[in-house]
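Numbered from 1 within each chain, the chains take letters A, B, ... in sequence-line order.
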2 protein chains.
Amino acid sequence: MNNPDSQTLPRTGRIRIDNQARIIEAAEMEFAEAGYKGASMVSIAKRAGLPRANVHYYFNNKLELYNRLLLDILQLWNTAFSQITAEDDPAEAIGAYIRAKVMYSKTNPRASRIFASEIIQGAPHLSEYLETDFRDWLRGKSRVIDAWAAQGKIDPVDPLVLIFLIWSATQHYADFSVQVVSVLGDRSLDEVDFEMVATNLTHIILKGCGMKPPTDHSLPRLAMS
Amino acid sequence: MNNPDSQTLPRTGRIRIDNQARIIEAAEMEFAEAGYKGASMVSIAKRAGLPRANVHYYFNNKLELYNRLLLDILQLWNTAFSQITAEDDPAEAIGAYIRAKVMYSKTNPRASRIFASEIIQGAPHLSEYLETDFRDWLRGKSRVIDAWAAQGKIDPVDPLVLIFLIWSATQHYADFSVQVVSVLGDRSLDEVDFEMVATNLTHIILKGCGMKPPTDHSLPRLAMS
DNA sequence: GTCTATAGTTAGATAGAC
DNA sequence: GTCTATCTAACTATAGAC
């Protein structure tokens, strides 16, 4: 049974990795749909197609599983967005950031919803993160925006309001997608829609902060069925 | 006991109205903090300072109580925002709307969070509303914005993106207030902060859509402690 | 209209056979 | 590593005395 030829992947851990991945995906769906308290381990096990006991075998308890998910989301968030510095051209940097955030909403809607639920419900499992890394990151970016304003490259808008504006407007298409979809006539959002959203948001936000938007007319629009 | 002088308010219903109000307020807190599934009737009763059975006496079950809350929120939403028509000046109308939405976030943060949780979790209790009244309202306002664009009063931005931008950016200060507060150094948002947010958002959004913002320099800013 | 007691259900978690 | 059986706790809801 220890013959290394008997399996392509190492025996020890292959099933483990596989099952853990299934559980994590199932948990992502469940926590996104119900929040932490509302989520049930039974339901996660069902979604993963595994007996409940197996879920407890891989993740000791509900909180551990949830924390693992939050950690994954924060790590993804940290790597997904390029660093912005005062030397960058603001229109380019902010435009790229808006586009990246919109595409994150397209690609990782459940991660966005889990994070949103956690914050809405008072962030009981993220208070440490909010008071440290998050705060530092946000204050650092605020200084960059202030520097741009001091150089006259953008209007002297409050940096926090601008950052929160970009976040909320882009995350909206993940967190509130049900609302968006319902007004479009129940067709789901596709690649073109997200491009369209990114273009329109970039126009409004860049121009609104005194920068030149990439497109000044013939903006694309969402099609309502 | 039927002497009308014995009580200022009518006997029948006074306790009822009083208790119902306490339960509704308690439920608002609980549902905002835990979402529908995560909320517990036990916890609501504790918050209201009443035995659990009394909560069931006034509201037969959890779903009924929740639906009552959603209805209240929608009614408040419908009456809280003035009607906007194509004849209005867009800068004035949109500016007033942004300000009203920001102040709604200040005054009714829990209502906003309950609504947000419901949508994030797939709006299982609001699907009918989303497909009827909500959709009609949004399509009507889209036509107003289109009319303004056709008259050259604003840039031809996608109306849905603009409306969602206003909603998400303003609701952010209710739904994600924990996040905002944490970066400000754990001081809570006051009247001045909300005014500041409204002013900055109005500047960016009006200017971003090609209108003249009320203030073009010396924008106020959030103070970080 | 109030409140105790409790029925009935479901949840989280674990023991132990396989 | 898997899975049945089971324990304990929490929750929704109701019955019935006051």
Side-chain angles (χ1 to χ4, degrees), chain A residues 1-4 6-24 26-70 121 124-125, chain B residues 1-3 6-24 26-69 121 124-125:
Chain A
M1 289 293 281
N2 278 324
N3 180 356
S6 65
Q7 295 286 334
T8 308
L9 292 168
R11 224 172 346 283
T12 308
R14 206 194 92 249
I15 295 176
R16 174 171 220 95
I17 289 168
D18 203 54
N19 280 347
Q20 279 188 336
R22 292 174 67 183
I23 292 167
I24 284 177
E28 208 179 88
M29 293 192 274
E30 177 72 5
F31 284 119
E33 281 180 26
Y36 177 69
K37 276 189 193 165
S40 112
M41 294 294 268
V42 178
S43 178
I44 291 170
K46 272 183 195 158
R47 287 180 196 262
L50 291 169
R52 314 108 201 263
N54 286 32
V55 177
H56 278 95
Y57 173 74
Y58 290 109
F59 300 92
N60 285 328
N61 52 50
K62 188 177 168 180
L63 183 59
E64 209 171 276
L65 178 53
Y66 184 67
N67 280 332
R68 165 63 184 274
L69 238 61
L70 285 182
Q121 296 175 9
H125 308 92
Chain B
M1 289 294 281
N2 279 323
N3 179 356
S6 64
Q7 295 285 334
T8 308
L9 293 168
R11 225 174 344 284
T12 308
R14 207 194 91 249
I15 296 176
R16 175 171 220 95
I17 288 167
D18 203 54
N19 280 348
Q20 279 188 337
R22 293 174 66 183
I23 293 167
I24 284 177
E28 208 179 88
M29 292 193 273
E30 176 73 5
F31 285 119
E33 280 181 26
Y36 177 69
K37 277 189 192 166
S40 111
M41 294 293 269
V42 178
S43 178
I44 292 171
K46 272 184 195 156
R47 286 179 196 263
L50 291 170
R52 316 103 201 265
N54 286 32
V55 178
H56 278 96
Y57 173 72
Y58 290 109
F59 300 92
N60 285 327
N61 53 50
K62 188 178 167 180
L63 183 59
E64 209 171 277
L65 178 52
Y66 184 67
N67 279 333
R68 165 63 184 273
L69 238 61
Q121 296 175 9
H125 309 93

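- Checked against C/dG1, D/dT2, D/dT4, the side chain of A/Ala53 finds its nearest nucleotide in D/dT4.
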- Query: What's the verdict on side chain to side chain contact (heavy atoms under 4.5 Å, CB included) for A/Tyr57 and A/Arg52, showing C-alpha distance, side-chain angles and the deciding distance?
  - Reply: CA-CA 9 Å; A/Tyr57 173 74; A/Arg52 314 108 201 263; over 6 Å; no
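- Remark: A/Ile23 CD1 to A/Met41 CE distance equals 8.5 Å, nearest 0.5 Å.
- Picking from D/dT2, D/dT4, C/dG1 the nucleotide with the shortest atom distance to the side chain of B/Arg16 gives C/dG1.
- In this structure, the side chains of A/Phe59 and A/Ile24 come closer than 4.5 Å at one or more pairs of heavy atoms.
- As a whole-Å value, the separation of A/Leu50 CG from D/dG1 C1' is 11 Å.
- Rounded to a whole Å, the CD atom of B/Glu64 is 10 Å from the P atom of D/dA13.
- When each of D/dC3, C/dC3, D/dT2 is scored by its nearest atom to the side-chain atoms of A/Pro51, the top-ranked nucleotide is D/dC3.
- Remark: B/Tyr58 is in phosphate contact with C/dT2, judged by side-chain N or O atoms under 4.0 Å from OP1 or OP2.
- Regarding A/Ile23, its CD1 atom lies at a distance of 12 Å from the C1' atom of D/dT2, rounded to whole Å.
- Salt-bridge annotation for A/Lys37 and B/Glu30: absent, with no side-chain N of the basic residue lying under 4.0 Å from a carboxylate O of the acidic one.
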- Paired and unpaired positions of DNA chain D as dot-bracket, Watson-Crick or G-U wobble under 3.5 Å, | denoting a partner strand: ||||||||||||||||||
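- Partners of A/Ser40 by side-chain hydrogen bond (donor to acceptor under 3.5 Å, both in side chains), not counting sequence neighbours: none found.
- If you take CD of A/Gln20 and C1' of D/dG1, they are 12 Å apart, rounded to a whole angstrom.
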Check the interface with nucleotides 16-18 of chain D: list each N/O to N/O pair with the protein under 3.5 Å, or write none.
none

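- Under the side-chain hydrogen bond (donor to acceptor under 3.5 Å, both in side chains) criterion, A/Asn54 pairs with no residue at all, not counting sequence neighbours.
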Output a table of nitrogen or oxygen pairs between the protein and nucleotides 9-13 of chain C separated by less than 3.5 Å.
unit_1	atom_1	unit_2	atom_2	d
C/dG12	OP1	A/Ala39	O	3.4
C/dG12	OP1	A/Met41	N	3.0
C/dG12	OP2	A/Met41	N	2.7
C/dG12	OP2	A/Val42	N	3.3
C/dA13	OP2	A/His56	NE2	3.4
C/dA13	OP2	A/Lys62	N	3.0

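- In this model, the phosphate group of D/dT2 is approached by a side-chain N or O of A/Asn19 to a distance below 4.0 Å at OP1 or OP2.
- Atom CD of B/Glu30 and atom P of D/dT12 are 9 Å apart (whole Å).
- The side-chain heavy atoms of B/Lys46 and B/Val42, taken from C-beta on, include a pair separated by under 4.5 Å.
- Every ring-ring contact (aromatic ring centres under 6.0 Å, His included) that A/Tyr66 has, sequence neighbours left out, goes to A/Phe31, A/Tyr36, A/His125.
- Checked for salt-bridge contact, B/Glu28 and B/Arg47 miss the test: no charged N lies under 4.0 Å from a carboxylate O.
- Counting all heavy atoms, side chain and backbone alike, B/Ala39 lies closest to B/Ala34 at N-CB, 3.6 Å.
- Of the inter-residue distances, the one linking B/Leu50 atom CG with B/Ile44 atom CD1 reads 11.5 Å to the nearest 0.5 angstrom.
- Atom-to-atom, CD1 of B/Ile15 to C1' of C/dC3 comes out at 14 Å; the value is rounded to the nearest Å.
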